[in-house]
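What follows is a short report on a single structure.
Just so you know, these numbers come straight off a predicted model, no measurement behind them. Position 1 is the first residue of the sequence, and the numbers go up from there.
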Amino acid sequence: MRKLITLTLCILFIAAIALAQDAPKKPLSPPAKAAATLNGKKVTIDYSAPSKRNRAIMGGLVPYGQVWRTGANAATTLTTEGDLMIGSLHVPKGTYTLYSIPGEKEWTLIVNKQTGQWGTAYDAAQDLGRVKMTVSPVKDTVETFVIGIDKNLTLTWENTRASVAVMAH
């Protein structure tokens with residue numbers, strides 16, 4: 001009887017381990033969305049939100065002066081139901097990919113016409129245009145990358161916030 005109980009417990013333990021390994025794992029950079037209605041037109045940004053996880057981000061994981069996918073995984077997508085002005089850049093209604101070039105004092109936002117690609121598949125020939133972003137420090141460290149959209153499009157992570165004005169017309 002004792003052997004039967006021991007055997008049953010062993011089988012249950014092994015089954016529990018096997019099931020735990022098959023359980024879906026939370027992605028390191030989960031999907032996220034920023035959305036706003038500007039002048040009656042819906043604007044959404046779909047991206048994957050990486051976390052700091054004790055890493056140096058700005059100037060480290062995200063190098064200064066180089067094109068960054070502006071998130072993680074698949075390319076970050078901007079969809080707008082109406083024409084926008086992002087800074088001085090006219091963006092017609094449609095779907096685009098957002099990239100950026102981070103800098104210590106200034107960022108550049110890139111609006112790219114190519115869509116559906118992995119985030120690192122950047123093609124400069126597909127750029128709709130580029131616009132400068134203002135950089136400001138963040139008081140408290142931001143663990144997970146966040147994109148926001150309202151009167152400004154903001155990119156916030158670690159101790160940095162880059163922003164540019166957005167208007168629908």
Q) Taking only residues two or more places apart in sequence, or in another chain, which ones meet Lys132 in a salt bridge (Lys or Arg N to Asp or Glu O under 4.0 Å)? A) Glu106
Check for me, please, whether [X] and [Y] land in the same ILVMFWY cluster - side-chain distances under 4.5 Å, paths through other members count.
X      : Y      : answer
Trp107 : Val164 : yes
Trp68  : Ile110 : no
Leu128 : Met167 : no
Tyr64  : Ile101 : no
Leu78  : Val67  : no

Q: Report yes if the side chains of Pro50 and Trp157 come closer than 4.5 Å at any heavy-atom pair, otherwise no.
A: yes
Q) Hey, does Leu153 have a side-chain heavy atom less than 4.5 Å from the side chain of Leu98? A) yes
Q) Got a second to check how far Met58's CE is from Thr160's OG1, nearest 0.5 Å? A) 5.0 Å
Report, one line per pair, each donor and acceptor closer than 3.5 Å where one atom sits in a side chain of residues 82-96; sequence neighbours left out.
| from | atom 1 | to | atom 2 | distance (Å) |
| --- | --- | --- | --- | --- |
| Asp83 | OD1 | Lys93 | N | 2.9 |
| His90 | ND1 | His169 | NE2 | 3.4 |
| Thr95 | OG1 | Thr79 | OG1 | 3.4 |
| Tyr96 | OH | Pro92 | O | 2.7 |

**Q.** Nearest heavy atoms of Pro30 and Pro27, plus distance in Å
**A.** CD-O, 3.6 Å
Report, one line per pair, each donor and acceptor closer than 3.5 Å where one atom sits in a side chain of residues 37-49; sequence neighbours left out.
| from | atom 1 | to | atom 2 | distance (Å) |
| --- | --- | --- | --- | --- |
| Asp46 | OD1 | Lys33 | NZ | 3.2 |
| Tyr47 | OH | Ile147 | N | 3.1 |
| Ser48 | OG | Asn73 | ND2 | 3.4 |

Q | Any donor-acceptor N/O pair, Thr97 side chain to Asn112 backbone, under 3.5 Å | A | no
Q) With sequence neighbours excluded, what pairs up with Ser100 under the side-chain hydrogen bond (donor to acceptor under 3.5 Å, both in side chains) test? A) Thr70
Q | Residues which pass side-chain hydrogen bond (donor to acceptor under 3.5 Å, both in side chains) with Thr76, listed by chain and number, not counting sequence neighbours | A | none
Q. What salt bridge (charged side-chain N to carboxylate O under 4.0 Å, His left out) pairs are there with at least one residue in residues 62-81, not counting sequence neighbours?
A. none
**Q.** Residue list, side chain to side chain contact (heavy atoms under 4.5 Å, CB included) with Pro63, at least two apart or on another chain
**A.** Gln66
Expected list for residues 118-126: side-chain donor-acceptor pairs under 3.5 angstrom, two or more places apart:
| from | atom 1 | to | atom 2 | distance (Å) |
| --- | --- | --- | --- | --- |
| Tyr122 | OH | Asp127 | OD1 | 3.0 |
| Tyr122 | OH | Asp127 | OD2 | 2.7 |
| Tyr122 | OH | Arg130 | NH2 | 2.8 |
| Asp123 | OD1 | Ala125 | N | 3.1 |

Q) If you look only at pairs with a residue in residues 146-156, which of them pass as a side-chain hydrogen bond (donor to acceptor under 3.5 Å, both in side chains), with sequence neighbours excluded? A) Thr156-Arg161
Tell me which donor-acceptor pairs under 3.5 Å the side chains of residues 134-143 have, and how far apart each pair is, sequence neighbours excluded?
| from | atom 1 | to | atom 2 | distance (Å) |
| --- | --- | --- | --- | --- |
| Glu143 | OE2 | Lys52 | N | 3.3 |
| Glu143 | OE2 | Arg53 | N | 2.8 |

Q) Only one of Ile57, Leu155, Val62 clears side-chain contact (heavy atoms from CB on, under 4.5 Å) with Phe145; which? A) Leu155
